[in-house]
There are 2 protein chains.
Amino acid sequence: MSTSPKKHDVFQAIADPTRREILKLLAGRELAVTEIAERFPMSRTAVSKHLLILDEAGLVQSRKTGREKRYTLQAEPLSELEQWLSYFEQFWQNKMSMLKHLAERKEN
Amino acid sequence: MSTSPKKHDVFQAIADPTRREILKLLAGRELAVTEIAERFPMSRTAVSKHLLILDEAGLVQSRKTGREKRYTLQAEPLSELEQWLSYFEQFWQNKMSMLKHLAERKEN
DNA sequence: TGAATATGAAACCGATTGGTTGTATAAAGT
DNA sequence: ACTTTATACAACCAATCGGTTTCATATTCA
C-alpha cells in the first residue's frame, strides 16, 4: 500500500469544536474512551466516532489495555496546519502578533 | 446587537480545500467573483457560496465596483487559528516543554 | 460461572454541505 | 434601445455529518 488517501484530513478534523476539545483533553495525558466521553454532553458512541476521525487524521494514537482503549494526542500532523498558516502571516493586520510569532520562532 | 453569532467560524471556513485555494488566490490581490470562478472546475454560483462562507468567517472583504464585486483577503481572523495552534506546538516541536507540561498537570 | 464494564458496529435520522440549474436584476457596451 | 456581462437568489439534490439507539463481543470482577 502506497499513499492511501485518508478519508479525513487535519483541516476537517479540527473543524468540529468537540474534536478540538478532545485534542486539548488529550494534551499530555492518556485517556480511555469512557473517560473522554464523560466530559461531553453526548453519547459515548458519538465521542468514539469523533475519535475515529481524529485517528484518521493522525491526530491521536490508541493503545488497547485490557478492555480499555486508551488514546493519546499526536500533535505532529498539526504542523501541516502551521505550515499553511505561515504563508498568510505576511498578510496579517495585526503586525504585533506577527512580530511576536516571528520572535518566538527565532529560538529554534 | 452585540457580538452577532457568526454562522461560520474560521475553523469551518478553512476546512474546505476549495476555500483554502480561494484564500491563496486572493493573497495580495483583489479579484472579482468571475475571475475567481474561472480558476475552478465548478460553477460561478458554487464559488460565490464559498465566498459567502469566507465572508461570514471574516476572511475576505468585498467591495462593489460597477457591476462587479471584488474580493480581497482579510487574513487577520486566522490569528484565532494561530493562537489555537500555539497551544499544541509544544507537543511536537519541543520535547522539553512537553515534559514541563506533563509535570504541570500531574495533579489531575 | 455469571454479572458488570468497555468498546465496537450497524442501522437510522434530521440538518448541513457542496454542488447544480433556472430566474431575476443591475450595470456596461454597441 | 438592445444585448451582453456580473452577480444574486431560490429551489433542488445527493452525500456527508453529528448525533442517536440497539445489539454484539471482549474483558474483568465477585
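All chains are named by letter (A, B, ...) in the order of the sequence lines, taking the proteins before the strands, and each is independently numbered beginning at 1.
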Exercise for review: Would you please name every residue forming a side chain to side chain donor-acceptor pair (under 3.5 Å) with A:Glu38, sequence neighbours left out?
Suggested key: none

Practice item. Both distances under 3.5 Å, Watson-Crick or G-U wobble: on that basis, could you give the dot-bracket string for DNA chain D, with [ ] for crossing pairs and | for other-strand partners? Key: ||||||||||||||||||||||||||||||

Restricting both atoms to N or O, compile the protein contacts to nucleotides 3-6 of chain D shorter than 3.5 Å, with distance only.
from, atom 1, to, atom 2, distance (Å)
D:dT5, O4', B:Arg67, NH1, 3.3
D:dT5, O2, B:Arg67, NH1, 3.1

Check your understanding: B:Thr45 has a side chain; which of C:dT20, D:dG18, C:dG19 sits nearest to it?
Key ->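 Ranking C:dT20, D:dG18, C:dG19 by closest atom to the B:Thr45 side chain puts C:dT20 first.
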
Check your understanding: Which nucleotide in the set C:dG19, D:dG19, C:dG8 lies at the smallest distance from any side-chain heavy atom of A:Tyr71?
Key -> C:dG8

Review point. In whole angstroms, how far is the P atom of D:dG18 from the CD1 atom of A:Ile14?
Key: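 Computing the A:Ile14:CD1 to D:dG18:P distance gives 13 Å.
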
Check your understanding: To the nearest angstrom, how far is A:Lys64 atom NZ from C:dT7 atom P?
Key ->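 Atom-to-atom, A:Lys64 to C:dT7, this comes out as 9 Å.
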
Review point. Hey, are the side chains of A:Trp84 and A:Phe11 touching, using non-hydrogen atoms and a 4.5 Å cut-off?
Key: yes

Check your understanding: Does any non-hydrogen side-chain atom of A:Phe88 lie less than 4.5 Å from one of B:Leu73?
Key ->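 When only atoms from C-beta onward are counted, A:Phe88 and B:Leu73 do touch, with a gap below 4.5 Å.
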
All N/O donor-acceptor pairs, side-chain side in residues 20-31 of chain B, below 3.5 Å, sequence neighbours left out:
from, atom 1, to, atom 2, distance (Å)
B:Arg20, NH1, B:Ile14, O, 2.7
B:Arg20, NH1, B:Ala15, O, 3.2
B:Arg29, NE, B:Leu25, O, 2.9
B:Glu30, OE1, B:Arg63, NH2, 2.9
B:Glu30, OE1, B:Arg70, NH1, 3.2
B:Glu30, OE2, B:Arg63, NE, 2.8
B:Glu30, OE2, B:Arg63, NH2, 3.1

Check your understanding: A:Thr65 or A:Ala15: which one's nearest nucleotide on DNA chain D is closer to the 5' end?
Key ->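 On the 5' side of the pair lies A:Ala15.
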
Exercise for review: Just call it for B:Gln12: base, sugar-phosphate, or nothing, with non-hydrogen atoms closer than 4.0 Å on any strand.
Suggested key: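 Sugar-phosphate contact only - B:Gln12 comes under 4.0 Å of backbone atoms but never of a base.
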
Check your understanding: When we call it a touch if two heavy atoms are under 4.0 Å apart, what does A:Arg19 touch: a base, just sugar-phosphate, or nothing?
Key -> sugar-phosphate

Which pairs would a plain distance check flag for residues 39-52 of chain B, meaning a side-chain donor or acceptor within less than 3.5 Å of a matching protein atom at least two apart in sequence or in another chain?
from, atom 1, to, atom 2, distance (Å)
B:Arg39, NH1, B:Glu35, O, 2.9
B:Ser43, OG, B:Ala46, N, 3.1
B:His50, ND1, B:Arg19, NH1, 3.0

Practice item. Using side-chain contact (heavy atoms from CB on, under 4.5 Å) as the criterion, list what pairs up with B:Lys69, not counting sequence neighbours. Key: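 Counting only residues at least two positions away or on another chain, B:Lys69 forms a side-chain contact (heavy atoms from CB on, under 4.5 Å) with B:Val33, B:Ser62, B:Lys64, B:Tyr71.
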
**Study point:** Of B:Val60, B:Val10, B:Asp9, the residue whose pairing with B:Pro77 passes side chain to side chain contact (heavy atoms under 4.5 Å, CB included)
**Key:**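 Only one option passes, and that is B:Val10.
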
